[in-house]
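Only heavy atoms go into these numbers, but all of them, side chains included; no hydrogens, no water, no symmetry mates. Note that the numbering runs from 1 along the sequence shown for the chain.
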Amino acid sequence: MRLEISCQDRLGITQDVLDILVEHEIDLRGIEIDPAGKIFLNFPNIEFADFQHLMPKIRRIQGIDDVKTTLFMPGEREKNQLSAILRTLPDPVFSVDTKGHILMCNEAVTSGLELPFSEIESTEISDVVKGFNFYRWMDSDDVKPTSAKVKFIQQDYLADMLPILVPDEDNNTIMAGAVIMLKSEIRLGQQFSAFHQPQTDSFDRFVTLSAAMGKTVKEAKQIADLDAPILIFGETGTGKEMIARACHQASRRQSGEFLALNCASLPDSVAETELFGYAADSYSQQAARPGLLEQARGGTLLLDEVADMSSQLQAKLLRVLEDGEFRRVGERDPVKVDVRFICTTCRDLGQLVEEGRFRKELYYRLNVLSLVMPSLRERRPDIVPLSESFIVQHSSKLGRRPAKLSKSCVEFLQQYPWPGNVRQLQNALYRALSLLDGNEITKEDIQLPSCAPSVTYIDENFEGTLDEEVKKFEKDLLRRLYPSYPSTRQLAKKLGLSHTAIANKLREYGINKATVKL
C-alpha cells in the first residue's frame, strides 16, 4: 500500500508521521518528499483495512491537510517511464557509472548480445563497445557530450556519450556516470532520409490561427491539384511564393520541377530568353538552351510579379496559354508545353487592365483560380506563433538557445502595422537574435521604422490636390470592402450612404465583379 500525504511546510512534520508508524510497528519500505508539499509512503505487506484506523491519527497531526492512498510513488513512476522509453528505443542504450561499469541497458543491447541483463550488468562498457576510451573521457576535468565511431557486435556505430551531472552539497556539479546511445549506419541513413523527406501535407508549415489565413490555406488546398493557372494576390512579404510552392507540392505535379521567373528583375530581352530559351546558332557556335518552360515540363512555373511583365512578353505568354506551345528565340519549330502556371502580383491587376497597362485577355487567362494572401495586419493572432517559429529557426542557424519574447515585446509586435509583412517580421527577429546578449527579446531589441499602426502613409511631398488624395483613399477603401459586401445595398448600409451614391462611386472607380476578386 502507498500513501500520499498533503501537508504544510513545517519543521518536524515528517518525524511526527514516522513516530506514529514506529508506535504501531508499521514496516516502511520507502519514503519520498515532494517539494510541492507532499509526503509519499510505501508499506510492503499491509492491507488498507489494517491501516485504516491510523489515517485519522495522521490527519490530526498539525499541518496535515489530507491523507489518501495512491497507486505509485513518484520515483516508481519515473523509473517505469524510463524503462518504457528504454525498452521501445530501437537503438542500443547503456547507462554506466564513473568507472565505466554498465548499470542499465535496453532490450536492443540484450537481444544484440544474446545475453540476459544479469550477465551484462557490471561489465565494463569497453568490453562491449570497442574503439573509444570511455574511462579517459569520464576522468577528464571538463566532461562534455561527445560523439565517436565505435564497434558493437563487430559492426560500426555512431556513439553519442552524454555525461550525467548531479549537484553536490555546495551546488557544484559532479560526474555521476554517463548514458551511451549507439546508432547504426542503416539507422542514421533512415533518419537522414526521413529528415529530408518532403512533408506529407505541404500546407502544415503555415500558421493559420487567424480567420483570414485559415480561409486562404483552405482555398489553396482545394485548388492545388487542379491544372488551371493560379493567380496569387498579396502585398510584398506576405508569402506568395511560399504558398505557390505548397500548391505545387500538393499537386499531381509534385515530382516535377518547381521553377520561378521574377518578371520585375530582368530586362525584357533577358526575360524572354529565360522563359523560352534560344535555338543553336551555327555562326556564333552557340549551343541551344532550353528555357524555363521546357525545364519545368511536367511541373510548375512560377511567374513572380507578373504585373511587371512587358506588353511584348505578355503577348507571347498569352499565345502559350492559348495554343499550348511556344517557339524558342531564333527557332521556327514549335515546342509543346506541359506546365502548370502560377503567377503572383502585389499590384491591382484589374486596375492595370482598366488603364491599358496589362492585357485584358491575359488577365482572364491567368485569373482562372485565384488566392489572396492576407497582410500581417489582417493576421494578428498569427504574429506570436510566427515569431516563435522564426526564433527557433534563427536560433538553430546562429547556434544558440531559442530566446523568449517579453510581454512588452509581444504587445509591440501585435500592434506594429508591418508594412513589410511576414518577411519584415522574420528579418527583424533575426537581427534581434544576432545582437542579443541575454535570453529574452524585449521591445527595445526590435529595431523597426517608427510608424503608427492605424495610419495610412502619404508622402508629405505628394503631388496633387486634397480632393485627389481623398478620392484615392475612397477608391482603395471601396475596393477592400467590395469582396465582403458585393451588393451595393449591403455596402451602402455598411458605409451609411444611399444605394444610389454607392452605385455611382463604384461606377466612377470601375469597381465591379469583373475587376475585383470576390
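- The closest side-chain donor-acceptor pair between E411 and S408, if any, does not fall under 3.5 angstrom.
- In summary, K240 and D304 do not engage in a salt bridge, as defined by a charged side-chain N under 4.0 Å from a carboxylate O.
- A distance of 11.5 Å separates CG in N367 from CD1 in I232, rounded to the nearest 0.5 Å.
- A 4.5 Å side-chain heavy-atom check between S210 and E378 finds every atom pair outside the cut-off.
- Proximity of a side-chain donor or acceptor of Q447 to a complementary backbone N or O of E444 within less than 3.5 Å is detected.
- Note that CG of L302 and CZ of F258 are 4.5 Å apart. Values are rounded to the nearest 0.5 Å.
- Residues Q424 and P449 have side chains in contact (heavy-atom distance under 4.5 Å, counting atoms from C-beta outward).
- In this structure, E235 pairs ionically with R377, as a charged nitrogen and a carboxylate oxygen lie closer than 4.0 Å.
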Step-by-step side chain to side chain contact (heavy atoms under 4.5 Å, CB included) determination, L54 to E23: CA-CA 11 Å; L54 296 179; E23 180 185 348; over 6 Å; no
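- Of all heavy-atom pairs spanning I446 and C409, the tightest one is CG1-SG, 3.8 Å.
- Between the side chain of T123 and the main chain of I120, a donor-acceptor pair closer than 3.5 Å is present.
- Atom CD1 of I58 and atom CD1 of I61 lie 6.0 Å apart (nearest 0.5 Å).
- Within a 6.0 Å sphere centred on CD of E119, heavy atoms belonging to other residues, nucleotides or ligands number more than 12.
- Expressed to the nearest 0.5 Å, how far CG of L103 lies from CG of D97 amounts to 5.0 Å.
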Stepwise side chain to side chain contact (heavy atoms under 4.5 Å, CB included) check, E124 with Y135: CA-CA 10 Å; E124 285 194 19; Y135 182 77; over 6 Å; no
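- Residues W418 and L413 approach most closely at NE1-O, 2.8 Å, considering heavy atoms.
- T110 places a side-chain N or O within 3.5 Å of a backbone atom of E107 that can act as its donor or acceptor partner.
- For E114, the CD atom is loosely surrounded, since the number of other residues' heavy atoms within 6.0 Å does not exceed 12.
- Residue I243 holds its CD1 atom at 6.0 Å from OG1 of T216, rounded to the nearest 0.5 Å.
- Here the shortest heavy-atom pairing between V306 and C263 reads CA-SG, 4.1 Å.
- Nearest heavy atom pair, residue L162 against residue P145, reads CD2-CB, 3.8 Å.
- Residue F390 places its CZ atom among more than 12 non-hydrogen atoms of other residues, nucleotides or ligands, all under 6.0 Å distant.
- Using a 4.5 Å heavy-atom cutoff, the side chains of D66 and R59 are in contact.
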For side chain to side chain contact (heavy atoms under 4.5 Å, CB included), just list the numbers for R289 and E274, CA-CA rounded to whole Å, side-chain angles, deciding distance to a tenth of an Å, and then say yes or no. CA-CA 9 Å; R289 178 177 177 239; E274 282 290 316; 3.3 Å; yes
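- Distance alone, capped at 3.5 Å, is enough to place a donor-acceptor pair between the D382 side chain and the L209 backbone.
- Checking side-chain atoms of N421 against main-chain N and O of L376 turns up a donor-acceptor pair under 3.5 Å.
- Here the straight-line distance linking atom OG of S434 with atom NE2 of H394 works out to 8.0 Å at 0.5 Å rounding.
- Counting heavy-atom neighbours within 6.0 Å of Y430 OH, excluding the residue itself, gives a total of 12 or less.
- Judged by distance alone, the side chain of Q414 and the main-chain N or O of V384 form no donor-acceptor pair under 3.5 Å.
- With hydrogens and angles disregarded, no donor-acceptor distance shorter than 3.5 Å links the side chain of S184 to the backbone of Y157.
- Residues D16 and I64 have side chains not in contact (no heavy-atom distance under 4.5 Å, counting atoms from C-beta outward).
- Counting heavy atoms from C-beta on, the side chains of I31 and I39 come closer than 4.5 Å.
- Atom CG of L11 sits in a sparse spot, with 12 or fewer heavy atoms from other residues, nucleotides or ligands closer than 6.0 Å.
- D142 and K144 are joined by a salt bridge, as a carboxylate oxygen and a charged side-chain nitrogen come within less than 4.0 angstrom of each other.
- In this structure, R10 contributes its side chain and Q62 its backbone to a donor-acceptor pair below 3.5 Å.
- At a threshold of 4.5 Å between non-hydrogen side-chain atoms, the residues L259 and L301 count as touching.
- In this structure a side-chain-to-backbone donor-acceptor pair under 3.5 Å is present from R340 to L226.
- Taking the six-membered ring where tryptophan is involved, the planes of F94 and F152 are perpendicular, since the angle between them exceeds 60° and thus also 30°.
- The number of heavy atoms from other shown groups lying within 6.0 Å of CG (D127) is above 12.
- Put simply, the side chain of L303 reaches to within 4.5 Å of the side chain of L275, judged on heavy atoms.
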Pair T344, M373 - check side chain to side chain contact (heavy atoms under 4.5 Å, CB included), show working. CA-CA 10 Å; T344 69; M373 287 297 287; over 6 Å; no
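- A salt bridge does not link D227 with R252: every distance from a Lys NZ or Arg NE/NH1/NH2 to an Asp or Glu carboxylate oxygen is 4.0 Å or more.
- Here the side chain of S396 pairs no donor or acceptor atom with the backbone of Q393 at under 3.5 angstrom.
- In plain terms, the two heavy atoms of F203 and A246 that are nearest each other are CE2-CB, 3.7 Å.
- Put simply, the side chain of V335 reaches to within 4.5 Å of the side chain of R297, judged on heavy atoms.
- Using the six-membered ring where Trp is involved, F412 and Y416 have ring planes that are tilted, between 30° and 60° apart.
- Minimum interatomic distance between E257 and H248 (heavy atoms only, all atoms of both residues): O-CE1, 3.5 Å.
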